[in-house]
Amino acid sequence: MRSALHRAINGIRWYVRELTDESSYDRHIAHIREDHPAALLPTRREFERMRTDRRDKDPRQGFRCC
């Protein structure tokens, strides 16, 4: 029973992280580590700033209401 509950909680957690794009930083770090191992890894704050700047330059890079 406990393992089924644990799997359900992990599934919900995964779904919410994907839905809110919370996992994008993890995917970005995995990409850098795999394809550019000598590159410096951005902090979470630096990553979010780059992402916001990229969205502001090109509105097609994500939903913007204004």
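- Residues that satisfy the side-chain contact (heavy atoms from CB on, under 4.5 Å) test with L41, not counting sequence neighbours, are I29, I32, R33.
- Remark: K57 does not engage D53 in a salt bridge, criterion side-chain N to carboxylate O under 4.0 Å.
- Contact between S24 and F47 at its shortest, heavy atoms only, is OG-CE2, 3.6 Å.
- Annotation: side-chain contact (heavy atoms from CB on, under 4.5 Å) contacts of A30 (sequence neighbours excluded): none.
- In this structure, R7 and N10 have side chains that are not in contact, with every pair of non-hydrogen atoms separated by 4.5 Å or more.
- The side-chain heavy atoms of E46 and L40, taken from C-beta on, include no pair separated by under 4.5 Å.
- The same ILVMFWY cluster, assembled from side-chain heavy atoms under 4.5 Å apart, contains both W14 and L19.
- A search for side-chain contact (heavy atoms from CB on, under 4.5 Å) contacts involving R17 returns R13, E22, S23, D26, not counting sequence neighbours.
- For the atom pair NE2 of H28 and CD of E48, the computed distance is 10.5 Å after rounding to the nearest 0.5 Å.
- Crowding of R45 atom CZ: a count of heavy atoms from other residues, nucleotides or ligands under 6.0 Å not exceeding 12.
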